[in-house]
Amino acid sequence: MAVKIKLKRLGKIRAPHYRIIVADSRTRRDGRAIEEIGLYHPVQNPSRIEVDAERVAYWLSVGAQPTEPVMAILKKTGDWQKHKGEPAPPPLLQPEEKAARPTFDVVSAEDGPKGEAITQKAKKSDKKDDAEKADASASAESTEA
């Protein structure tokens with residue numbers, strides 16, 4: 001039985017992610033796997049690659065053949081060079097931690113108070129008084145006419 005190390009596709013139409021699996025060469029792409037040995041998420045920036053190095057070394061030592069895409073992944077992680085006895089590649093890029101945005105309280109405390117608003121808000125009682133005066137003046141005008 002020929003054993004291959006290949007990618008199993010998962011995910012939505014335009015958001016694929018893959019699992020690195022060991023399977024019989026005669027099984028279909030997303031078919032039954034002997035063992036899952038890693039992850040590959042190409043959509044993330046930088047791409048997320050996780051490989052169980054011990055299991056990859058075992059399967060390569062017993063004769064499993066990686067497909068071309070898996071071989072490229074193994075070369076990036078350094079597992080292929082370790083199997084062949086070559087020097088390791090430079091380390092992969094790790095995602096940078098994003099700096100937290102300052103909260104509103106921190107920003108306002110640094111700047112200090114800006115002062116009062118230019119226009120004072122009218123109170124509800126003032127609006128009622130103005131409305132009553134307008135009604136009174138309108139009724140006074142109508143009685144004079």
Side-chain angles (χ1 to χ4, degrees), residues 1-139 141:
M1 171 169 83
V3 178
K4 291 260 187 195
I5 301 175
K6 56 187 179 178
L7 295 175
K8 178 180 183 178
R9 190 182 196 281
L10 302 167
K12 297 179 182 178
I13 292 174
R14 289 176 182 81
H17 57 274
Y18 300 90
R19 296 216 177 121
I20 302 170
I21 63 167
V22 177
D24 182 12
S25 62
R26 296 170 289 186
T27 61
R28 59 182 185 252
R29 178 189 71 180
D30 300 335
R32 185 173 161 192
I34 298 171
E35 184 179 1
E36 291 182 1
I37 57 174
L39 301 172
Y40 174 52
H41 295 260
V43 178
Q44 293 180 359
N45 190 14
S47 297
R48 178 178 169 201
I49 299 173
E50 293 180 15
V51 178
D52 186 357
E54 293 176 9
R55 298 307 297 164
V56 169
Y58 167 76
W59 284 107
L60 289 173
S61 68
V62 295
Q65 295 296 313
T67 59
E68 288 182 22
V70 173
M71 188 177 294
I73 291 171
L74 294 178
K75 284 182 180 179
K76 285 188 178 189
T77 60
D79 293 317
W80 183 254
Q81 288 88 339
K82 191 183 300 181
H83 173 67
K84 291 293 187 179
E86 299 171 358
L92 292 174
L93 293 175
Q94 297 298 325
E96 296 179 9
E97 297 293 327
K98 293 183 179 178
R101 294 178 60 186
T103 61
F104 179 74
D105 297 333
V106 173
V107 172
S108 63
E110 291 173 355
D111 295 340
K114 299 285 185 187
E116 295 295 322
I118 296 171
T119 308
Q120 297 293 327
K121 291 186 177 179
K123 295 181 181 177
K124 290 184 180 180
S125 61
D126 293 341
K127 289 181 180 178
K128 289 180 183 177
D129 293 339
D130 292 341
E132 290 175 3
K133 288 179 185 177
D135 289 339
S137 64
S139 63
E141 289 176 11

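All heavy atoms count here, side chains included; hydrogens, waters and symmetry mates do not.
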Inset, instruction - Apply side-chain contact (heavy atoms from CB on, under 4.5 Å) to the pair Val56 and Trp80, showing each step before the final yes or no. - result: CA-CA 9 Å; Val56 169; Trp80 183 254; over 6 Å; no
Inset, instruction - Check whether any side-chain heavy atom of Val51 sits under 4.5 Å from a side-chain heavy atom of Tyr40, and report yes or no. - result: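 SC-SC contact between Val51 and Tyr40 ruled out.
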Atom [atom1] in [X], atom [atom2] in [Y]: separation rounded to 0.5 Å?
{"X": "Asp79", "Y": "Ile73", "atom1": "CG", "atom2": "CD1", "result": "11.0 Å"}
{"X": "Ile20", "Y": "Leu7", "atom1": "CD1", "atom2": "CG", "result": "6.0 Å"}
{"X": "Ile5", "Y": "Arg55", "atom1": "CD1", "atom2": "CZ", "result": "10.5 Å"}
{"X": "Ile49", "Y": "Thr77", "atom1": "CD1", "atom2": "OG1", "result": "7.0 Å"}

Inset, instruction - Would you please name every residue forming a salt bridge (Lys or Arg N to Asp or Glu O under 4.0 Å) with Glu36, sequence neighbours left out? - result: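 Scan of Glu36 (salt bridge (Lys or Arg N to Asp or Glu O under 4.0 Å), adjacent residues dropped) gives Arg19.
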Inset, instruction - Apply side chain to side chain donor-acceptor pair (under 3.5 Å) to Trp59 and list each qualifying residue two or more places apart in sequence or on a separate chain. - result: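 Only Glu35 meet the side chain to side chain donor-acceptor pair (under 3.5 Å) criterion with Trp59.
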Inset, instruction - Would you please name every residue forming a side chain to side chain donor-acceptor pair (under 3.5 Å) with Lys6, sequence neighbours left out? - result: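 Partners of Lys6 under the side chain to side chain donor-acceptor pair (under 3.5 Å) test: Thr27.
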Taking every non-hydrogen atom, the tightest pair across [X] and [Y]:
{"X": "Ser25", "Y": "Lys4", "value": "CB-CG, 3.6 Å"}
{"X": "Pro66", "Y": "Met71", "value": "CG-CE, 3.9 Å"}
{"X": "Pro16", "Y": "Pro42", "value": "O-CD, 3.7 Å"}
{"X": "Ala2", "Y": "Asp24", "value": "O-OD1, 3.1 Å"}
{"X": "Arg32", "Y": "Ala23", "value": "O-CB, 3.8 Å"}

Inset, instruction - Evaluate whether atom CZ of Arg9 has more than 12 neighbouring non-hydrogen atoms of other residues, nucleotides or ligands under 6.0 angstrom away. - result: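 Atom CZ in Arg9 is crowded, with more than 12 foreign heavy atoms closer than 6.0 Å.
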